[in-house]
Novice: 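The structure's right below; bear with me while I get my questions together.
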There are 2 protein chains.
Amino acid sequence: MKRKITLKHIARELEVSISTVSKALKNSDEISRDTKDKVQAFAKLYNYKPNNIAISLKNKRTKNIGVIIPDIVHHFFTTVFRGIEKYANKRGYNVIVCVSDESFDKEVINMEMLANGSIDGFIMSLSAETQAKNDFNHLKEVTEQGIPLVLFDRVTDEILCDKVILNDREIAYEAVDSFIKAGRKKIALITTESYFNVSISRAKGYEEALLANNIDLNDDLVIVLPYDNLDEKQIGDFFKDNDIDAVLCVNEIFAIHCMGMAQKLGFKVPEDIAFIGFTDGILSKYSKPRLTTVAQHGDKMGELSAEMLIDRVENESEETEEVFRTEVIEATLIKRESTIN
Amino acid sequence: MKRKITLKHIARELEVSISTVSKALKNSDEISRDTKDKVQAFAKLYNYKPNNIAISLKNKRTKNIGVIIPDIVHHFFTTVFRGIEKYANKRGYNVIVCVSDESFDKEVINMEMLANGSIDGFIMSLSAETQAKNDFNHLKEVTEQGIPLVLFDRVTDEILCDKVILNDREIAYEAVDSFIKAGRKKIALITTESYFNVSISRAKGYEEALLANNIDLNDDLVIVLPYDNLDEKQIGDFFKDNDIDAVLCVNEIFAIHCMGMAQKLGFKVPEDIAFIGFTDGILSKYSKPRLTTVAQHGDKMGELSAEMLIDRVENESEETEEVFRTEVIEATLIKRESTIN
DNA sequence: AGATACTACGAAACCGTTTTCGTGTTAATA
DNA sequence: TATTAACACGAAAACGGTTTCGTAGTATCT
């Protein structure tokens, strides 16, 4: 077992000082050609690689970024993560992932674990609990320490930092508008608890589209479901008790699930009821009928988040008045069979 | 912006030495009650937290583990990752993830990035390209340096290290046997290129089950599909040209895809053809009919991998002759509608 | 009173780098 | 020949901790 070799070893072996070795490996012109050759050859022979930790300590830069997401087994977050990882790697950064599991406490613990030198900056999406509690002190502490932070998708106005969001309102408007253009008028919205900022935006787009088309809002056509543990009966009743010809769902699971329930009740999709869901995941592509969805372009969101974070990390020098950006990713409507008639 | 406070700051402020501060914070009984109180109060007031990087350098332990997986947007790997992250966090470790994207080169680069001090050990699953090339020098180098390594699922005999695998052969046997017990005899296998160790095992289980039931092997009933970019025609022809009443697919996408194609051709599932797939992902739960699958218990696999890795990391002291373990996770057959008749 | 033993703390080494600054040697210049 | 400049290198500090060891001062014991 050949242990890692250090500058000290090389120095001792070659009977020069550590500083000389360090400089020689960096091709400093303070060092003679001869010495450089000797050192470089030796280093290559023994496969010397500088110790990242030591460099991090010296530079106060880890080249690691911390990502905290509510859930990893979830298509949207997974694609965002993939975008982050891809971009970060390209710029020589590694990614440390923590999963908050939608829990406020875990989010706090994870941030604290990472905030003590392990990472140069955070990319995160708020947990459900954090949004419900409306408590962002852990984020404040981090930003006050000067650690760059980028929030994506589930963001909050309470924190000043860079953000990357989806044009949720506009795309929901567009989706509902497309229903109306196709001659549908009894349009339902299936959403989550309102503390999700994205749900609020999507609901707003839904309402605006209806109003713009002179359709009255009808509270009966809006149903709020828990994030998990869907109640079959509640959904079934919703379809039975209301006269509905189109449904916008704020996520993919809701859409697939509700579409399934509606079909079970005898409704034809899209003839009787059309469906559009958010998140263009794998379920939408393989469902029957294939589901029309809002593609959130998680990859792009992740890449952009990583770019914004790394740029800020690397330019923290310019202590100009910090001016934060909020970038908007344009969602697109992927039309499939659940809306064609 | 309050910058991070260090031992040095506290020492200077309280007019004691750095060593005293360090010991006081660790409640050393070398330090008087008075001094300890003073230091601890001050530290709490200014929210002192030791710098992880400095500790890592000193201890030669980062409390980070590196995870390299071929793909993150893939249910099985995602659940394994979740298991790893959950367990690792419980033991105070963070997880750095790199995605090899099924590429040999990326796998190598990622390993090298992490092997220079960033992590205490690796958990990985081989990329398709690595398995095809059969080149494992990057793994050898890492293990020779004494960095613990755990391989899961896609493993190789070429490398001596801890491993966590699925009882692929046995569960494939069980699946095929269940087809036969249900009266089916014309059983197809839809698999991937044979350099995947798991595909080989599954094929073996398939064959053994047939032979054990006195059914002759028929090469026509075994089809090899590329990992992505499925060819509709090829699959359609497969069902048209052969007389098939049951299909075992080595992954979920193949299963869903092929089941869809078969239905499109007019076959009834499960009446005409029954399907079983590997990976109990979200597709299987929402498909029509719902798909019978082999649950690989990725979470458990991840947890076990992390446990084995961390145990080894923390016991590297006991330089006993290294004896490596290969643990087997028992897959289970989740029976759903695609096999009930 | 002198030897001994605690107590409470500080100096310094160490982890593995980078980087500044100082210096001995040689070569070029006045 | 004395001065200066260039060259090639090493010592040491620094990053932020931990830990070993040495010691001044006081308390205890004979």
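Convention: sequence-line order gives letters A, B, ...; per-chain numbering from 1.
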Novice: Tell me if the NZ atom of A:K86 is crowded by more than 12 foreign heavy atoms within 6.0 Å.
Specialist: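 Result for NZ/A:K86: open.
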
Novice: Within a reach of under 6.0 Å around CD of A:E13, are more than 12 heavy atoms found that belong to other residues, nucleotides or ligands?
Specialist: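 Not more than 12 within 6.0 Å, no.
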
Novice: Mind checking B:S22 for me? I need base, sugar-phosphate or nothing, with any heavy atom below 4.0 Å counting as a touch.
Specialist: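 Result for B:S22 = base.
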
Novice: Rounded to whole angstroms, how far apart are CG on A:N27 and P on D:dA8?
Specialist: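 A:N27 atom CG is separated from D:dA8 atom P by 13 Å.
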
Novice: Looking at A:R154 and A:E102, does any basic side-chain N land under 4.0 Å from a carboxylate oxygen?
Specialist: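 Salt bridge between A:R154 and A:E102, a charged N being under 4.0 Å from a carboxylate O: yes.
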
Novice: Which sits closer to the 5' end of DNA chain C, A:K26 or A:K8, going by the nucleotide each is nearest to?
Specialist: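 Result of the comparison: A:K8.
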
Novice: Nearest whole angstrom, please: distance from the C1' of D:dA14 to the CD1 of B:I53.
Specialist: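 Whole-Å distance recorded here is 16 Å.
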
Novice: Separation of A:K38 atom NZ from D:dC9 atom P, in whole Å?
Specialist: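 After rounding, the gap between these two atoms is 8 Å.
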
Novice: Under 3.5 Å, is there a donor-acceptor pair between the side chain of B:S127 and the main chain of B:S100?
Specialist: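 No.
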
Novice: Round to the nearest Å and state the distance from A:L14 atom CG to D:dG10 atom P.
Specialist: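 Computing the A:L14:CG to D:dG10:P distance gives 10 Å.
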
Novice: Whole-Å distance between D:dA14 P and A:R61 CZ?
Specialist: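 In whole Å, D:dA14 P and A:R61 CZ are 21 Å from each other.
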
Novice: Can the ring centres of B:Y46 and B:F42 be said to be less than 6.0 Å apart?
Specialist: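 Between B:F42 and B:Y46, which both carry aromatic rings, the centre distance is below 6.0 Å.
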
Novice: Could you state the CG-P distance from A:N51 to C:dT18, rounded to the nearest angstrom?
Specialist: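 Computing the A:N51:CG to C:dT18:P distance gives 10 Å.
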
Novice: Base contacts versus sugar-phosphate-only contacts with protein, heavy atoms under 4.0 Å: please encode nucleotides 7-13 of chain C as B, S and - from 5' to 3'.
Specialist: -BBBBB-

Novice: So, for B:H9 and B:Y48, is the gap between ring centers shorter than 6.0 Å?
Specialist: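 For B:H9 and B:Y48, the ring centres are not under 6.0 Å apart.
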
Novice: CG of A:L57 versus P of D:dA14: gap in Å, rounded?
Specialist: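 Going from CG in A:L57 over to P in D:dA14 covers 14 Å.
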
Novice: Can you check the A:I55 CD1 to D:dG16 P distance for me, whole Å?
Specialist: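 Those two atoms, CD1 and P, are 16 Å apart.
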
